[in-house]
Amino acid sequence: MNAQITFLDETLRLIHIPLSLYSSFLQPILNVLLPKSQGASGSAQQPELESSTLGNQHGFLNISVTPIECSIVCHSAWAKSVFEPAIRKLPKELSKTVSISKDSYAVVSVISAGMDAGSRVVDLTSPLALAGIPIFFITTYYSDFILVPTKDRQSVVQALLARGFVFSEDESSFKPAISPAHSRGTSHSSEPPSTPPPSSVGELQTRTFALLKKRNVVPYIDPDLQLIHCSGREKSSFRGYSDRPSMARTQTNGNRRSWFDTLDTKLYISIVSALASQPRFLSITLAEDDPPSLLLDKSLLGVFGDSLVGPTEGTLVPIFLDLDNLPFEATGIVSGVAGKLVQEMRMMESAELSYLSTARAGAVILSAEQSVKALAILTPLLTKEEQ
């Protein structure tokens with residue numbers, strides 16, 4: 001497989017925030033977004049991150065505001081030091097509606113070339129689904145990121161190596177901190193043991209749609225929401241963006257740079273402004289060795305101006321899947337849904353299928369024309385027959 005796969009040195013948590021509480025968490029969100037050197041005085045204490053991360057910067061950060069929820073993926077230390085105190089300040093009943101994943105997650109960075117957009121999502125996720133590994137998948141402008149439970153890291157390596165993917169470093173020698181006998185434990189001790197993983201892609205799709213239908217997941221499109229997928233301009237000389245820029249800039253005086261070292265100031269101010277307005281849709285991914293990526297409501301273009309790089313004329317439409325009723329460790333959703341669409345639509349190389357996982361939802365991102373066709377495929381599969 002023509003793809004570069006790397007584990008980022010991060011230990012992450014996923015945070016679900018109901019939209020009704022978004023204003024209560026705006027300050028913690030901005031506090032996590034702001035680098036330590038730029039943070040306001042008197043803000044929450046900065047966490048002590050692992051020495052291998054970008055100082056007190058982010059090796060990986062995703063902030064997504066959608067019509068379903070606000071979702072944050074950040075370092076475990078930020079979740080503990082910034083979001084947990086904010087949750088404790090809420091009235092008891094409201095605090096129960098905000099959640100932080102009990103399991104920690106590792107993040108796999110995938111840089112692919114020569115793989116069409118639709119098949120890429122399927123090829124990357126199906127081996128993990130067949131191995132029974134729950135994942136979250138985030139497509140960015142240049143890369144794909146797969147979040148996997150930290151305890152399943154070795155299984156992830158084995159599953160992808162078996163499908164012909166090559167890791168940029170020798171992960172085959174990685175030894176998990178938890179013994180194999182405990183590697184499939186879940187964060188919900190009261191849950192019964194999970195069923196064996198599916199034995200084929202066909203069985204995987206059948207199980208996926210049966211589960212989604214059982215849990216009353218209904219795919220839908222917001223007719224008034226149009227998105228664009230782009231990158232953010234950087235301070236550096238990488239202005240053309242005809243291809244993914246070289247990442248040789250990652251060393252500065254012997255230290256790794258963070259995204260903030262190259263982030264255009266106007267872009268940064270625009271991100272803060274957009275978040276402060278509680279947008280209908282905005283997903284920001286800031287990652288080590290990767291340019292900033294944004295998937296945003298087209299109506300926000302005026303906020304960002306020329307701080308964005310990439311096509312802004314086209315229109316993408318998300319098909320939403322509200323997964324609130326599913327177990328957090330459910331497997332095969334991304335692969336099952338994307339695989340069915342690729343199979344039924346017979347997508348050509350020009351097709352643009354992306355996927356955004358948030359804490360309790362998923363969104364299949366397609367062109368306006370393809371989204372209508374995709375919804376027509378998914379709706380019958382998830383519609384319960386009248387009794």
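We count residues from 1, following the sequence as given.
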Please tell me if the side chains of [X] and [Y] come closer than 4.5 Å, counting only heavy atoms from C-beta onward.
X: Leu128; Y: Val334; value: no
X: Pro198; Y: Gln205; value: no
X: His16; Y: Ser71; value: no
X: Lys384; Y: Asn216; value: yes
X: Leu295; Y: Phe281; value: yes
X: Ile228; Y: Leu294; value: no
X: Ile138; Y: Val107; value: no
X: Asp290; Y: Ser109; value: no

(message) Would you call the rings of Phe25 and Phe83 parallel, tilted or perpendicular, taking 30° and 60° as the class edges?
(response) parallel

(request) Please work out which of the three classes, parallel, tilted or perpendicular, describes the rings of Phe320 and Tyr220, given edges at 30° and 60°. (result) tilted

(request) Keeping the roles fixed (side chain from Ser277, backbone from Ala274), state whether a donor-acceptor pair exists under 3.5 Å. (result) yes

(request) For Ser231 and Pro292, indicate whether the former's side chain and the latter's backbone hold a donor-acceptor pair under 3.5 Å. (result) yes

(message) With side-chain contact (heavy atoms from CB on, under 4.5 Å) as the criterion, how do Ile15 and Trp78 come out once you've worked through the C-alpha distance, each side chain's angles and the decisive distance to 0.1 Å?
(response) CA-CA 11 Å; Ile15 304 167; Trp78 290 95; over 6 Å; no

(request) Go through Tyr141 and Val309 one step at a time and tell me if the side-chain contact (heavy atoms from CB on, under 4.5 Å) criterion holds. (result) CA-CA 10 Å; Tyr141 191 66; Val309 176; 5.8 Å; no

(message) With side-chain contact (heavy atoms from CB on, under 4.5 Å) as the criterion, how do Cys230 and Leu296 come out once you've worked through the C-alpha distance, each side chain's angles and the decisive distance to 0.1 Å?
(response) CA-CA 8 Å; Cys230 56; Leu296 68 154; 3.7 Å; yes

(request) For Ala359 and Glu69, work out which heavy atoms get closest and say how close. (result) N-OE2, 3.2 Å

(request) Check side chain to side chain donor-acceptor pair (under 3.5 Å) between Ser99 and all other residues, then give those that pass, not counting sequence neighbours. (result) Arg360

(request) State plainly whether the residues Asp224 and Arg280 are in salt-bridge range, i.e. N to O under 4.0 Å. (result) no

(request) Apply the test side-chain contact (heavy atoms from CB on, under 4.5 Å) to residues Leu212 and Val337: give CA-CA distance (whole Å), side-chain angles for both, the deciding distance (0.1 Å), then the verdict. (result) CA-CA 10 Å; Leu212 294 176; Val337 172; 4.0 Å; yes

